[in-house]
Visitor: 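Below you will find the structure I want to go over with you.
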Protein chains: 2
Amino acid sequence: MAKPDTRPLKDQVVSEAFKVIAEAGVEALSLRAIAKRLGVSHQAPYKHFASRDHILAEVVARSFESFATHLEARPRSENGFEDLGFMGRAYLEFAMTHPLQYRLMFNTALPDIDDHPKMLAKSQRSFSILHDRLQTIPLSDLRDGLDQPAKHDAMFIWATLHGCCSILNSDVAKTLPLTDQDKADTMDRMMRRLSMALGALDAESSNGKA
Amino acid sequence: MAKPDTRPLKDQVVSEAFKVIAEAGVEALSLRAIAKRLGVSHQAPYKHFASRDHILAEVVARSFESFATHLEARPRSENGFEDLGFMGRAYLEFAMTHPLQYRLMFNTALPDIDDHPKMLAKSQRSFSILHDRLQTIPLSDLRDGLDQPAKHDAMFIWATLHGCCSILNSDVAKTLPLTDQDKADTMDRMMRRLSMALGALDAESSNGKA
DNA sequence: TCCGCCAGGTTGACAGCGTCTACTGAATGC
DNA sequence: GCATTCAGTAGACGCTGTCAACCTGGCGGA
């Protein structure tokens with residue numbers, strides 16, 4: 001027997017929306033369905049949120065928060081490259097275990113950021129975790145004369161990680177004959193190639209961990 | 001004065017849907033709006049498509065087709081690595097000039113593939129262009145014992161390219177202070193890091209083209 | 001020539017959606 | 001004790017995709 005939820009309706013709405021999106025994706029989010037499930041009229045949520053987008057922004061912000069928390073909670077290492085590897089693993093882990101939440105954050109047409117400063121702040125924090133970590137790691141110099149190498153390398157690493165899980169979780173991947181083992185292998189190889197790209201691993205010296 | 005479109009309604013519907021998606025994204029696709037714009041009743045398209053998803057699948061298939069065509073039309077090189085580089089450029093080029101179409105193919109919840117074999121075939125062709133090209137290039141051996149290295153390396157390259165333009169075009173990127181120059185720089189650096197990852201470029205020898 | 005079929009168009013209806021407006025009742029402040 | 005404000009309800013509007021019934025012009029066969 002479920003105990004009745006005594007939290008303010010505002011919190012209940014966000015929780016319920018979060019649950020719906022995690023289970024069925026953002027397309028399935030319906031204000032009226034949520035209101036019905038919470039046992040209130042279809043207009044009640046409007047007393048707490050100006051529009052559907054405002055609820056969505058709240059869920060997105062919350063998703064970024066738990067994503068950042070997951071990254072911070074990775075195993076730590078004194079060795080910068082190893083630590084970066086842990087972060088990469090944590091990134092992939094989150095994306096593969098929370099695919100719809102991940103898709104919501106990175107693959108969706110989000111509400112206008114100007115209207116939702118909280119969402120903006122939470123999303124920026126996720127990127128700065130990666131960027132800050134990179135600052136203290138001696139990556140191989142590419143001598144391409146860019147003035148903010150850490151920023152571009154952060155983008156590169158992010159892009160690779162994102163691309164990997166985004167593709168593996170995408171509908172397009174379903175069009176390819178990929179087993180779960182294939183996916184795991186792809187992630188492993190990607191992590192090794194990533195190490196090579198950053199100058200942390202030679203082709204010759206690699207038959208195990210990065 | 002626009003000449004009246006004399007093609008079968010079926011073609012007109014697909015063209016119009018394609019146009020809407022390229023201009024305003026898949027969320028803006030409305031059957032009734034299309035019918036109105038074509039000057040027919042809202043039910044007319046149903047004589048040619050079983051549902052909205054069937055129209056969508058047609059547009060997706062067409063998008064994959066033009067994507068593959070764009071990849072095939074890249075400048076060619078006898079040098080395998082250079083040719084791969086051209087392909088990467090062509091990939092980024094398409095994604096940056098057709099952002100909504102790209103997003104449709106790779107970042108959208110697509111119609112069920114089992115119901116749309118044509119869409120499936122067109123999407124597989126895009127991947128096989130990359131995969132086939134890789135087969136004849138001597139990439140650095142990672143000695144990780146995977147039995148289909150080309151497949152996993154194709155996934156890696158695809159993931160990196162996809163991640164790059166997916167992120168640069170995503171709404172999340174708008175939350176970061178990125179100028180157009182930054183984006184171009186990120187793409188350049190990514191292409192160089194990609195070369196390094198594949199063993200085609202040393203850190204020391206790189207201050208120009210890959 | 002007439003009949004029937006049928007592909008391709010029409011109109012009308014339905015449920016679901018987000019959102020606007022108006023109303024109600026309870027709590028709060030002066 | 002009255003006014004204001006907050007939280008929730010109820011109904012309507014226009015939009016969506018989809019189902020059903022109806023109409024119509026052209027074609028094939030008798």
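Just so it is clear: chains get the letters A, B, ... in the order the sequence lines come, proteins before strands, and each one is counted from 1. None of the values given here were measured: they were computed from a predicted structure.
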Visitor: Looking at Glu58(B) and Lys118(B), is there a salt bridge between them, counting it only when a charged N and a carboxylate O are closer than 4.0 Å?
Guide: yes
Visitor: Nearest-Å distance, CZ (Arg52(A)) to C1' (dG18(C))?
Guide: 8 Å
Visitor: Is the distance from the ring center of Phe86(A) to that of Phe81(A) below 6.0 Å?
Guide: no
Visitor: Taking 4.0 Å as the cut-off, does a side-chain nitrogen or oxygen of Ser51(B) come that near to OP1 or OP2 on dG17(D)?
Guide: no
Visitor: Verify whether one side chain among Arg7(A) and Ser15(A) offers a donor that lies under 3.5 Å from an acceptor in the other.
Guide: yes
Visitor: Could you check how far NZ of Lys10(A) sits from P of dC6(D), rounded to whole Å?
Guide: 13 Å
Visitor: Tell me, which of residues 11-24 of chain B have any heavy atom that sits under 4.0 Å from an atom in DNA chain C?
Guide: none
Visitor: Could you pull out all residues at least two apart from Asp83(A) that satisfy side chain to side chain donor-acceptor pair (under 3.5 Å)?
Guide: Arg74(A), Arg133(A)
Visitor: According to a strict under-4.0 Å criterion, is His48(B) in side-chain N/O contact with OP1 or OP2 of dA7(C)?
Guide: no
Visitor: From CG of Leu31(B) over to P of dC17(C), roughly how many Å is that when rounded to an integer?
Guide: 19 Å
Visitor: Salt-bridge test for Glu72(B) and Arg125(B): reply yes if a basic N is under 4.0 Å from a carboxylate O, no otherwise.
Guide: yes
Visitor: Just the rounded figure in Å: distance from C1' of dT19(C) to NE2 of His54(A).
Guide: 14 Å
Visitor: Taking atom types as they are modelled, would you say the side chain of His42(A) forms a donor-acceptor pair with the base of dT19(C) within the 3.5 Å cutoff?
Guide: yes
Visitor: Atom CD of Glu27(B) to atom P of dC17(C): distance rounded to whole Å?
Guide: 19 Å
Visitor: Is it true that the NZ or CZ of Arg189(B) lies under 6.0 Å from the centre of Phe156(A)'s six-membered ring and within 45 degrees of the ring axis?
Guide: no
Visitor: Taking the six-membered ring for Trp, are the ring centroids of His98(B) and Tyr102(B) within less than 6.0 Å of each other?
Guide: no
Visitor: Whole Å only: how far is the CG atom of Asp53(B) from the C1' atom of dT18(D)?
Guide: 13 Å
Visitor: Within less than 4.0 Å of OP1 or OP2 of dG17(D), is there a side-chain N or O belonging to Tyr46(B)?
Guide: no
Visitor: Looking at Ser166(A), is its backbone amide N or carbonyl O close enough to the side chain of Asn107(A) to form a donor-acceptor pair, meaning the two atoms are under 3.5 Å apart?
Guide: no
Visitor: Could Arg103(B) and Asp171(B) be called an ion pair, given the rule that one side-chain N must be under 4.0 Å from one carboxylate O?
Guide: yes
Visitor: N/O contacts under 3.5 Å, protein versus nucleotides 22-27 of chain C?
Guide:
none

Visitor: Between Thr179(A) (side chain) and Asp182(A) (backbone), is there a donor-acceptor pair under 3.5 Å?
Guide: yes
Visitor: Need one value for Leu29(B): base, sugar-phosphate or nothing, where a base atom within 4.0 Å counts as base even if backbone is also close, heavy atoms only.
Guide: sugar-phosphate
Visitor: For Ile34(A) and dC17(C), give me the distance from atom CD1 to atom P, rounded to whole Å.
Guide: 10 Å
Visitor: Heavy-atom nearest nucleotide on DNA chain C for Ala50(A) versus Ser30(A): which residue maps closer to 5'?
Guide: Ser30(A)
Visitor: Indicate whether OP1 or OP2 belonging to dG16(C) is found under 4.0 Å from a side-chain N or O atom of Arg32(A).
Guide: no
Visitor: Without decimals, in angstroms, what is the distance between Lys36(B) NZ and dT10(C) P?
Guide: 14 Å
Visitor: Is there a side-chain polar atom (N or O) of Ser41(A) under 4.0 Å from OP1 or OP2 of dG8(D)?
Guide: no
